[in-house]
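Here the structure comes first, spelled out in structure tokens, and everything after it is commentary.
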Amino acid sequence: MSGLVLRAWLRDWRRRPLQRLLTLVGVIIGVAVVLAVDLANQSAQRAFDRSMDEVAGAATHQVLGPASGFDEAFYRDLRMAGWRDTAPIVEGPARLPDGTTIYVLGVDPLAEGPFRGTASDIGDAPVQRLVTEPGTILPPASWFRDSGPAHEARVTLEAAGGTREVTVIDRAAEREAPDAEEDRIAGGSLWVTDMATAQVLLDRLGRLDRIDVRLAEAEVDALRDALPAELELVPVESRGQAARELAQAFRINLTAMSLLALLIAAFLIYNTQTFAVLRRREVIASLRLVGVGRRAIFGVVLLEALLVGVIGTLLGALLGIALAQVLVAQVAQTVTDHFFAVAVTGVTPRPLALAAVFLLGVGLSLAAAMAPAWEAARTAGPGGSGRGGLERRARSWAAWLALVSLVLLLAGSGLIVTGAGALVGGFVALFLLIAGFVLLLPWVLVWTLRGLAVLVRGVTLPRIAVRSLERSLSRSAPATSALTLALAAAIGVAVMVGSFRGSVEQWLGQALTSDLYVVPAAPASARAGARLPQDWTADLVARSGAVSVSTGSSQEVVSDHGLVDLYVVRPHADWLEYLPLLEAEAPREPLGHRLATEDAVLVTEPFAAHHGVEPGDRLSLAVPGGQRAFEVPGIYRDYGNPSGTVLMTQAAFARGGVPPDGVGSFGLRLPDGANAEQAVEQLEAWLAEQDHAALVTRPGDIEQESMAIFDRTFAITHLLRVITLVVAFIAILGALIALQMERAREFATLRSLGLLPGGVRALVVLQGGVLGAFAALSAIPLGLGMGWLLIEVINREAFGWGMDLRLSWAEVGETVLLGVGAALLASVIPAWRMARMRLVPALRETP
Amino acid sequence: MEQQGSVEDAVLSLTDVAFAYPGEGEVLHGVDFELGAGERVAIVGESGSGKSTLLHLAAGLEAADRGEVHLAGEALAGLDEAARTRLRRARVGIVFQSFHLIPTLTVLENVMLPLELATKAGAAERRERAARQLAAVGLADKEARYPEALSGGEQQRVAIARALVHEPALILADEPTGNLDSRTGETVFALLLEQVRATGCSLLLVTHSHELARRLDRVLTMRDGILQAVDSAEAASA
Ligand SMILES: Nc1ncnc2c1ncn2[C@@H]1O[C@H](COP(=O)(O)OP(=O)(O)OP(=O)(O)O)[C@@H](O)[C@H]1O
Ligand SMILES: [Mg+2]
């Protein structure tokens, strides 16, 4: 008996393979997207953590000095004084000939033992050879795997010290070794060499960047007292605090995306699963009629939903892992751009993510199948409530949902107005508003369709199209909601990224006030640490005919807010006119005077946000001569450094002691009408004769490079946008197929009355178009609202970046077209199927 | 009783028509049948004998596997799907056992539908003609209702109005009273007959009721996949 019931239920798979397959596809895609985004997210976190661990190792504290490093003799003194658990480090980025950025870690192999065992993969490598053979370097194991047995024995590296060749130490043993999980994760951009080699590569002769130390709690003060004034003892955790926060913010944005994907996937799964059951109401009704118990029916529905859920989740997980590879590559690029991190290329799903995905795939499949099955099984015969009853209920539901949505919208707005909960509050508000808006949609859809029906009163076919959409609200509403959500996300992200991009571009235009820049020849990521001789100024003026020269150098200094980035400038006279000041205690003229003559600094907007600094506050900074307190008379806009920068004039910096020689860059202002080409040529000719490798760049080049990094950073959001759209497309395709199948009898009747196959196609496409247009138009307000929230609440809270809202109507229009296009495209298959439908079987179907 | 006439004169003619559903045995084995202009014919026969199938072939909803079907003088086999549809909507009105009204259109709109599909009549004229036809089946006061708010008998009266409104040459009716109780069935049947007479079109009616069948010009029996004239013994016993 139960075997026959099961057969009655499952035979639908053979009768309508396409529709049933769609049920499975819904689960697969939903699960895949959510899992892939989570994996990408997780890999960003791991890449970041590992990069921190590898570089810091097992140290508890670090001894740090000025940006240009400190004398290595100090390390000897320290060891002589009995501090044994110490390891000197020279470090910095470099670039391989193929453009890959690597991170060079110069160590003293003999002192390394206790520090970087497991985190990096130098544990078992032949590190002694680094000491015995000069000019050698130890690439990560993955490099050998990637380049194969035929790798070169010598590699050219481009770093702060110029372009040099080094000898690769072969790690034959490791190459053969199985692909250890640990090693695979470490990926590899950490190249280890000994200190002497690193000092040459990174232009640090006789100097160290830091000393790693392992201290017991009691020893900390003793060591601190033993340090000279220019050196600081910093706990490891405080390093990279800002970067950690930033990584957090990046992850939060990714999480927002993955939640959105989850929401859309949930729509998709719910839609396909309820349809799978609703479609077979007659089967349920007839089974009930011949006396099959409610529980037996429930059992088979449950069994099917479980099978679909489990199979779909498994396949979806596989697809998700594959998809994650694409996303991870994107994320790795972003992390490398911003944090010089090791790339994480292999990722394994977290148990928690798997549980969540399982809940989504299997749980939601079950829940979505249960509700309609319960309904159908409750009525003991055909007729009863039927589909018409269901749709009537759907319409009254729409009104209730609209009421709920009002509450959500109010709660969300309240959160924004009060600003409660900071970043988390911002996200909660965002989701309250999205949920509120989406729940309002069915109700709006009903009234829109009713209005349309009145509009096309005299024209029968459009009227049929519109009215049947309204009558199939349980189909059309979830599908439009999914599409609206995807399109709105597309608009929201476009507005956010577009505003951001525009603001950055504008800022670059303002910040780059010189006509030419002379910078060290080093990869962009290494430029911050590289230095040029200060005394070049006169020569540069002589060669270029510049009327004004500015210099700037950035360095990490210790402050009462932990390690912070300090940018020291000797600016052009009119610099403050170009600086995008957001808040200032004084007008520009006296402000400039104060910055030059008093202990005063400006901070960037992100700095103010991360450290809670306001105009009038004071900052304690380690400058030559020791720690001094600086007043903060103003805040300016800057997108250059997401963790924030402190801006100080050279005059203030040098007031207490002799600053280290060397500047990070020169800015040359040429006289009006000067020939820039010629100036560049003459500068380059002169630079070619100098010891320090340097090059001339123009603001345009810098802008281009910066915008390229910017675009890479946000490439992943574009990718996610495409993915959500694909999911929404499938949702609307499923809904349209369902809608048309349910209306097959009606279409057959129309055809028997003389409607041409082309008319049927037009009708179906019209329905798709109406749904698409509705979704696209509703997506505009929702999308703009999301964009505004992302800019004003989320990004401000997460990054501390303010930006001007920029609307690109072209992009909004594009998204609208995309939505309507997607819906029209989705209606092609059902239109084609309906037009070719065999009429007689369809006519026989019971209403 | 066979009426002689050329294929051109007949509204509908089937010559040696055979048909099988895909993957099934043959249902019709060679049906020969002709329906003259204004003629009213009933088909009876056992359930599953192929009566509905015959009507579907006549309407061009299915295509014959063998033999020829001529509708209003045109061979259906030579027409493509669109042309067959055009011919059907111009010449044929269909009444189904289960009404088949469009649930998303009002009663009046349902009746206007064939006019919109098959004629060039303007909106005002369509409305006026549909209203007149509705009045003729006694439903003038139910124009604005949706089908779900009508009784079965009323729904079938709307279906009759819809089948007749564009003045087709042929009405195909498949057990139009099959879903109605006998009294309502009788009323609806009488109405159908009256309207067919009034417009002078031909009628091919499938029914299980010999009593109703006898009220038409001719009664045929579907048996063993062919159409036979009712023999006198059967007629007498019915
Ligand atoms: N879609 C189909 N596929 C396969 N066989 C079919 C299909 N529709 C009908 N048949 C078969 O064709 C035969 C004729 O069916 P048809 O509906 O024409 O019978 P009928 O004379 O109208 O019966 P009833 O009086 O019960 O309506 C039946 O044996 C039926 O099983
Ligand atoms: Mg029949």
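Values reported hereafter were calculated over all heavy atoms of this structure, with side chains retained and with hydrogens, waters and symmetry mates removed. Just so it is clear: chains get the letters A, B, ... in the order the sequence lines come, proteins before strands, and each one is counted from 1.
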Measure B:Arg84 against the heavy atoms of chain A and call it side chain, backbone, both or neither at under 4.5 Å. neither
So which part of B:Arg162 gets closer than 4.5 Å to some heavy atom of chain A, the side chain, the backbone, both or neither? side chain
Toward chain A, the part of B:Ala82 with a non-hydrogen atom under 4.5 Å: both
Part of B:Glu148 within contact of chain A (heavy atom distance under 4.5 Å): side chain
Counting N and O atoms only, with roles assigned by atom type, does the side chain of B:Gln155 sit under 3.5 Å from a partner on the main chain of B:Leu150, one being a donor and the other an acceptor? yes
Is a salt bridge present between B:Glu154 and B:Arg157, judged by a nitrogen-to-oxygen distance below 4.0 Å? no
Pick whichever of B:Ala123, B:Gly93, B:Pro114, B:Pro103 has the most heavy-atom pairs under 4.5 Å with chain A. B:Pro103
Using modelled atom types only, decide if a donor and an acceptor are shared between the side chain of B:Asp174 and the backbone of B:Gln97 within a distance under 3.5 Å. no
Is B:Pro22 in contact with chain A via its backbone, its side chain, both, or neither, using a 4.5 Å heavy-atom distance? side chain
Can you check whether A:Leu483 reaches A:Leu771 side chain to side chain, under 4.5 Å on heavy atoms? no
For a quick check under 3.5 Å, do B:Glu46 and B:Ser49 share a side-chain donor-acceptor pair by atom type? no
Under 4.5 Å, counting heavy-atom pairs only, tell me which of A:Ser752, A:Ala453, A:Ser468, A:Pro757 racks up the most with chain B. A:Ser752
Which answer fits B:Tyr146, side chain, backbone, both or neither, if we ask what part of it has an atom under 4.5 Å from a heavy atom of chain A? side chain
When you check the gap from the basic side-chain N to the acidic O, do A:Arg751 and B:Glu81 get nearer than 4.0 Å? yes
